[in-house]
Protein chains: 2
Amino acid sequence: MKDREKIPKATIERLPLYYRCLDKMATFEDVEVVSSKDLGGKLDIPSTQVRKDLSYYGEFGRRGVGYNVNELKRSVGKILGVNRTWPAALVGAGNLGRALVNYGSFEMMGLEITCVFDNDLDKIGNLINEREVKSVQEMSQKVMKNEIKLGIISVPAEAAQAVADQMIEAGIKAIWNFAPTRLYVPEDVSVKNEDLAVGIVSLIYHLSWQEETDV
Amino acid sequence: MKDREKIPKATIERLPLYYRCLDKMATFEDVEVVSSKDLGGKLDIPSTQVRKDLSYYGEFGRRGVGYNVNELKRSVGKILGVNRTWPAALVGAGNLGRALVNYGSFEMMGLEITCVFDNDLDKIGNLINEREVKSVQEMSQKVMKNEIKLGIISVPAEAAQAVADQMIEAGIKAIWNFAPTRLYVPEDVSVKNEDLAVGIVSLIYHLSWQEETDV
DNA sequence: GTCCAGCTGTCATTAATCTGACAGCAGCTA
DNA sequence: TAGCTGCTGTCAGATTAATGACAGCTGGAC
């Protein structure tokens with residue numbers, strides 16, 4: 001394995017796609033071996049890109065043959081860290097928060113939302129997918145006790161920074177932020193913004209341009 | 001305005017951030033003029049990047065002064081196409097679908113989910129944020145009648161391609177895909193994958209690496 | 001008016017990322 | 001065994017994006 005610092009972000013974004021594709025192949029299709037061309041074909045990624053991405057982490061294939069599906073899946077899973085379960089604390093039991101807790105496909109990626117918090121008295125005590133919504137005040141204790149490193153923020157923008165601060169205080173090292181705002185965090189905490197309103201705009205941009213040229 | 005083809009994707013992803021920030025400044029803060037340094041500072045983007053991004057579309061600032069907040073907001077809004085309302089059809093009234101319909105921040109970006117479809121008889125007829133869930137069979141007609149160009153897919157992966165095909169058949173030109181699968185579409189249809197399970201993995205990757213080096 | 005600090009727009013440079021080309025290995029055929 | 005096809009891993013080149021440097025404009029101070 002080479003210097004982990006020098007691996008393109010784009011590569012890391014593609015690895016989960018490979019992983020899920022390999023999982024699907026291992027589970028539903030009866031294939032033992034896959035070539036970079038096959039794998040790339042399913043994901044609309046050039047075969048050279050697939051090989052390059054994998055080569056950052058070692059040599060997983062056999063020349064003249066291809067990659068063993070199960071073996072590669074295990075390897076990629078280990079690279080990504082999804083070969084174990086990562087407990088996560090979610091704050092914000094609104095519509096989006098509930099959807100995330102109920103979302104099915106996280107398990108495969110090692111994510112388990114183990115506790116849910118809110119500060120709305122109407123929501124505290126409710127059950128979401130068998131998890132009781134607790135008061136935000138209980139978060140720190142719970143996070144520390146269970147050594148939770150992963151936090152998910154699905155509160156309104158105004159409240160997000162305060163929640164983040166509290167999470168960091170409690171020892172959380174990675175934040176998945178659904179609030180439409182930038183978070184200020186120390187260097188050793190990583191943040192991934194999943195900003196839905198921003199996501200849609202690139203589509204609107206293309207649509208808008210298309211309509212203009214159509215006329 | 002220069003050749004629209006040559007504008008970096010990354011720039012288009014940043015424009016909505018500028019837009020929302022400008023909106024916030026225009027609404028809540030009492031500033032008339034903003035510099036690229038200020039704007040970038042709020043978003044953690046270098047000022048040179050801000051100026052470069054804007055310069056692809058024209059000259060919006062005044063040398064020695066900066067950008068007029070309201071003017072720039074209007075200009076960026078127009079560039080992005082969010083200066084009008086884009087009706088959208090959503091298919092899949094599960095937890096995520098419901099969360100999207102109820103999501104507040106889309107309005108500002110011009111997105112309005114005007115109709116919701118599902119094929120689950122238990123869901124058809126329900127109200128989500130004042131919109132009645134209709135049968136998927138009614139989608140084509142509704143989309144064609146209202147000339148809807150934007151489709152949102154929040155169904156399980158297995159059903160996504162069929163929904164996409166139906167959308168395209170009905171004239172939809174842009175698809176926001178929340179299903180964890182690749183969609184095959186004609187060239188003139190744009191797809192934006194909002195793959196939540198993939199999004200979380202890059203965080204897990206960093207966490208996993210951090211733990212390794214901590215020891 | 002002149003000077004100065006601060007700002008934009010853009011060209012030149014550097015960095016990041018992707019793509020193409022190919023040596024080298026594997027397995028099959030005869 | 002030799003010959004052929006298909007595949008990987010990697011180097012070199014091309015492409016794309018980010019950064020640095022600076023000319024030119026602006027408004028206020030004096």
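Labels below follow one simple rule: chain letters A, B, ... track the order of the sequence lines, proteins then strands, and each chain is numbered from 1.
Rounded to a whole Å, the CD atom of A:E59 is 13 Å from the C1' atom of D:dC7. D:dT15 atom P lies 13 Å from atom NZ of B:K6, rounded to whole Å. Regarding B:K52, its NZ atom lies at a distance of 11 Å from the C1' atom of C:dT13, rounded to whole Å. The nearest whole Å value for the distance from the NZ atom in A:K9 to the C1' atom in D:dT16 is 14 Å. Nucleotide C:dC18 holds its C1' atom 16 Å from the CD atom of A:E13, rounded to whole Å. The distance between atom CD1 of B:I7 and atom P of D:dT16, rounded to the nearest whole Å, is 14 Å. The distance from atom OH of B:Y56 to atom P of C:dC11 is 12 Å, rounded to the nearest whole Å.
An OP1 or OP2 oxygen of C:dT19 is reached within less than 4.0 angstrom by a side-chain nitrogen or oxygen of A:Q49. For the OP1/OP2 pair of D:dA17 and a distance below 4.0 Å, the side-chain nitrogens and oxygens of B:R14 include no atom meeting the criterion.
Only A:S35, A:S36, listed by number, bring a heavy atom of residues 19-48 of chain A to less than 4.0 angstrom from any atom of DNA chain D. Against DNA chain D, the stretch residues 60-71 of chain B makes heavy-atom approaches under 4.0 Å through B:R62, B:R63, B:G64, B:V65.
The ring-ring contact (aromatic ring centres under 6.0 Å, His included) contacts involving residues 16-49 of chain B comprise nothing, where partners must be two or more places apart or lie in separate chains. Screening residues 95-116 of chain B for ring-ring contact (aromatic ring centres under 6.0 Å, His included), with sequence neighbours left out, gives B:Y103-B:F106, B:F106-B:W176.
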Taking only distance into account, with no hydrogens and no angle test, what donor-acceptor pairs under 3.5 Å do side-chain atoms of residues 75-92 of chain B form with protein atoms, sequence neighbours excluded?
unit_1, atom_1, unit_2, atom_2, d
B:S75, OG, B:E71, O, 3.0
B:W86, NE1, B:G81, O, 2.6

Please tabulate, for side-chain N and O atoms in residues 164-174 of chain A, each donor-acceptor pair with protein atoms closer than 3.5 Å (sequence neighbours left out).
unit_1, atom_1, unit_2, atom_2, d
A:D165, OD1, A:Q161, NE2, 2.9
A:Q166, NE2, A:V136, O, 3.3
A:K173, NZ, A:D188, OD2, 2.8

Show the atom names and distances, to 0.1 Å, of all donor-acceptor pairs under 3.5 Å that link a side chain in residues 144-151 of chain B to residues at least two apart or in another chain.
none

Under 3.5 Å, side-chain donor or acceptor atoms of residues 196-206 of chain B against the rest of the protein: list the pairs with distances, not counting sequence neighbours.
unit_1, atom_1, unit_2, atom_2, d
B:S202, OG, B:G199, O, 3.4
B:Y205, OH, A:R4, NE, 3.3
B:Y205, OH, A:Y57, OH, 2.8

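With distances taken from any side-chain atom of A:R51 to the nucleotides C:dT10, D:dT19, C:dA21, the minimum falls on C:dA21.
The two residues B:V101 and B:V116 make their nearest non-hydrogen contact at CG2-CG2, 3.8 Å.
Side-chain atoms of B:D118 come within 3.5 Å of backbone N or O of B:A93 as a donor-acceptor pair.
Partners of A:D38 under the side-chain hydrogen bond (donor to acceptor under 3.5 Å, both in side chains) rule, at least two apart in sequence or in another chain, are A:S35.
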